[in-house]
Engineer: 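Got a structure for you, written out below as structure tokens; questions coming shortly.
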Amino acid sequence: MVTIPIDWALYQTYLAGELVHEIFMATILHRLVRDMDLGLLDIDTCIALEQLANVMATAYSNAVCLKIDMVRYNDALDKDESGRNETREENLFNRFPPEEERFLTTPSVVIDSGGRIIVWYLPGALTTMIMKDIHGATHSMSGPPKHSITTSKITQWRTNRSNFHTSTHGMVTPGCINISPAWFQQGREKHGFPNLDPEDGFSPEVSVALKGDAGRNITMSLQRSSIIISAALRVMHPDLYWAGHFGHAP
């Protein structure tokens with residue numbers, strides 16, 4: 001557990017996570033939701049968080065079990081899998097044959113043979129307001145995705161054009177960009193304490209997609225949806241969630 005100072009902006013994100021966790025636990029344990037201090041969270045955000053928690057609780061109660069062991073599957077993967085080598089994909093397919101096709105229609109969790117949740121399927125988890133926020137943010141960053149799609153390099157398989165499809169009515173530009181507000185310059189980062197020596201200190205940098213005049217608008221438009229994602233992580237992967245908080249408030 002990490003203590004977040006009440007006067008930090010991150011404190012509101014922390015409260016959002018606690019609210020979702022409390023509603024989720026109350027629902028699956030069939031108890032009342034405890035009263036909580038919601039700080040400066042507005043009513044629309046609280047409604048969105050409650051809907052997220054309820055859908056996650058429904059999914060948790062509807063488990064779909066598979067025979068595949070994801071640890072063994074992960075161990076079988078090479079360090080730099082591209083997903084585009086047909087021989088390699090056929091080999092993996094034969095070692096880990098898929099089960100019968102299943103079509104999920106309700107919120108569910110998919111569990112491997114070791115009892116690990118590997119997929120949260122959460123239709124209806126986002127309110128209309130959140131979806132409008134996401135659509136608006138996506139529309140405002142339509143420029144960078146347009147230039148992100150690659151064609152043939154196997155090393156750039158994540159941005160290969162085969163992964164993307166034109167959106168309905170062409171309202172959203174397909175693509176893949178990094179929108180990290182504190183991108184680490186891997187291999188070139190400095191070490192030390194910037195408050196003691198600015199030239200020899202830790203120096204993260206804003207990602208390319210967020211540089212320029214549009215960067216602030218994109219960041220602002222993603223605030224509410226980012227809170228939703230963080231709150232979902234509080235339930236889905238608590239260790240990772242608290243590790244992120246610990247990085248801000250050791």
Engineer: Report the distance from atom CG of Leu49 to atom CD1 of Ile227, rounding to the nearest 0.5 Å.
Structural biologist: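 It comes to 7.5 Å.
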Engineer: Is the CG atom of Leu40 crowded by more than 12 outside heavy atoms at less than 6.0 Å?
Structural biologist: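 Result for CG/Leu40: open.
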Engineer: Is there a continuous path of hydrophobic side-chain contacts, each under 4.5 Å between heavy atoms, that joins Val235 to Leu29?
Structural biologist: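 Linked, Val235 and Leu29 end up in one cluster.
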Engineer: Answer whether the closest heavy-atom distance between the side chains of Met131 and Thr127 falls below 4.5 Å.
Structural biologist: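 No - every pair of side-chain heavy atoms lies 4.5 Å or more apart.
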Engineer: Can you tell me how far the OG atom of Ser225 sits from the CG atom of Leu222, to the nearest 0.5 Å?
Structural biologist: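 Between Ser225 OG and Leu222 CG, I get 4.5 Å after rounding to 0.5 Å.
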Engineer: Flag the pair Ile130 / Leu52 as yes when at least one side-chain heavy-atom distance between them is below 4.5 Å, and no otherwise.
Structural biologist: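 No, side chains not in contact.
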Engineer: For Asp78, look at atom CG and say whether over 12 heavy atoms of other residues, nucleotides or ligands are found less than 6.0 Å away.
Structural biologist: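 Counting neighbours around CG of Asp78, more than 12 heavy atoms of other residues, nucleotides or ligands fall under 6.0 Å, so yes.
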Engineer: Looking only at heavy atoms, what is the nearest atom pair of Pro98 and Phe93, with distance?
Structural biologist: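 For Pro98 and Phe93, the tightest heavy-atom pair comes out as CD-CE1, 3.3 Å.
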Engineer: Does the side chain of Leu77 reach to within under 4.5 Å of the side chain of Leu92, using non-hydrogen atoms?
Structural biologist: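 Counting from C-beta outward, Leu77 and Leu92 do come under 4.5 Å.
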Engineer: Between Ser230 and Ser226, is there a donor-acceptor pair closer than 3.5 Å when you use the side chain of the first and the backbone of the second?
Structural biologist: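 Judged by distance alone, no pair lies under 3.5 Å.
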Engineer: Are the charged groups of Glu100 and Arg102 less than 4.0 angstrom apart, N to O?
Structural biologist: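 Salt bridge: yes.
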Engineer: Would Trp242 and Arg234 count as a side-chain contact (heavy atoms from CB on, under 4.5 Å) if you check the C-alpha gap in whole Å, the side-chain angles of each, and the deciding distance to 0.1 Å?
Structural biologist: CA-CA 8 Å; Trp242 287 117; Arg234 172 69 176 89; 3.7 Å; yes
Engineer: So which atom in Gly124 and which in Gln51 form the shortest heavy-atom distance, rounded to 0.1 Å?
Structural biologist: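 Result for this residue pair: O-NE2, 2.8 Å.
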Engineer: Tell me, yes or no, whether the heavy-atom count around Tyr121 atom OH, taken from other residues, nucleotides or ligands under 6.0 Å, exceeds 12.
Structural biologist: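 Result for OH/Tyr121: enclosed.
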Engineer: Counting neighbours of CZ on Phe96 that are heavy atoms of other residues, nucleotides or ligands and sit closer than 6.0 Å, is the number greater than 12?
Structural biologist: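 Atom CZ in Phe96 is packed in, count exceeds 12.
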Engineer: Short question: side chain of Thr45, backbone of Leu41 - any donor-acceptor pair under 3.5 Å?
Structural biologist: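 Flag not set: sc Thr45 to bb Leu41 has no pair under 3.5 Å.
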Engineer: To the nearest 0.5 Å, what is the distance between CD1 on Ile23 and CE on Met36?
Structural biologist: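 The distance works out to 8.0 Å.
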Engineer: Got more than 12 heavy atoms from elsewhere within 6.0 Å of CD, Glu86?
Structural biologist: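 Counting neighbours around CD of Glu86, 12 or fewer heavy atoms of other residues, nucleotides or ligands fall under 6.0 Å, so no.
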Engineer: Quick one, Leu122 and Met236 - any side-chain contact, counting heavy atoms below 4.5 Å?
Structural biologist: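 Yes, their side chains come closer than 4.5 Å.
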Engineer: Quick one: CD1 on Ile43 to CD on Glu50, what's the gap to the nearest 0.5 Å?
Structural biologist: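 Separation between the atoms: 9.0 Å.
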Engineer: Check this for me: does any side-chain nitrogen of one of Arg224 and Asp44 sit under 4.0 Å from a carboxylate oxygen of the other?
Structural biologist: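 Salt bridge: no.
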Engineer: Heavy atoms, side chains only, cut-off 4.5 Å: are Pro107 and Trp120 in contact?
Structural biologist: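 The answer is no, as the side chains (C-beta and beyond) never meet within the 4.5 Å cut-off.
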Engineer: Hey, quick one: are Phe24 and Ile47 part of the same hydrophobic cluster, counting side-chain heavy atoms closer than 4.5 Å, chains of contacts allowed?
Structural biologist: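 The answer is no; the residues belong to distinct hydrophobic clusters.
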Engineer: Around atom CG of Leu32, are there more than 12 heavy atoms from other residues, nucleotides or ligands closer than 6.0 Å?
Structural biologist: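 No.
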Engineer: Are Val55 and Leu126 packed together at the side-chain level, in the sense that at least one heavy-atom pair is separated by less than 4.5 angstrom?
Structural biologist: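 With C-beta onward as the side chain, the pair stays apart.
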Engineer: Quick one: do Val119 and Ile111 end up in the same hydrophobic cluster if we chain Ile, Leu, Val, Met, Phe, Trp and Tyr together by side-chain heavy atoms under 4.5 Å apart?
Structural biologist: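 No: no chain of side-chain contacts under 4.5 Å links Val119 to Ile111.
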Engineer: Measure the CD-CZ distance between Glu90 and Arg95 for me, rounded to the nearest 0.5 Å.
Structural biologist: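 It comes to 13.5 Å.
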Engineer: Can a salt bridge be assigned to the pair Glu22 and Arg31 using a cut-off of 4.0 Å between side-chain N and carboxylate O?
Structural biologist: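 Arg31 and Glu22: salt-bridged.
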Engineer: In Å, rounded to the nearest 0.5 Å, how long is the span from CZ of Arg34 to CE of Met25?
Structural biologist: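 With rounding to 0.5 Å, CZ (Arg34) is 9.0 Å from CE (Met25).
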Engineer: Group every Ile, Leu, Val, Met, Phe, Trp and Tyr by side-chain heavy-atom contacts under 4.5 Å, then state whether Ile118 and Tyr60 land in the same group.
Structural biologist: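 Different clusters: Ile118 never reaches Tyr60 through Ile, Leu, Val, Met, Phe, Trp or Tyr contacts under 4.5 Å.
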Engineer: What pairs of donor and acceptor atoms, side-chain ones from residues 64-72 against any protein atom, are under 3.5 angstrom apart with sequence neighbours left out?
Structural biologist:
unit_1: Asp69; atom_1: OD1; unit_2: Val71; atom_2: N; d: 2.9
unit_1: Asp69; atom_1: OD1; unit_2: Arg72; atom_2: N; d: 3.3
unit_1: Asp69; atom_1: OD1; unit_2: Arg116; atom_2: NH1; d: 3.4

Engineer: Any chance the side chains of Asn62 and Ser108 put a donor and an acceptor closer than 3.5 Å?
Structural biologist: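 Yes, because at least one side-chain N or O of Asn62 sits under 3.5 Å from a partner of the opposite role on Ser108.
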Engineer: With a 4.5 Å cut-off on side-chain heavy atoms, are Thr106 and Thr58 touching?
Structural biologist: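 Of all side-chain heavy-atom pairs linking Thr106 with Thr58, none is under 4.5 Å.
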Engineer: If hydrophobic clusters are built from ILVMFWY residues whose side chains come within less than 4.5 Å, do Leu38 and Met129 share one?
Structural biologist: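 As far as the 4.5 Å side-chain criterion goes, Met129 and Leu38 are connected within one cluster.
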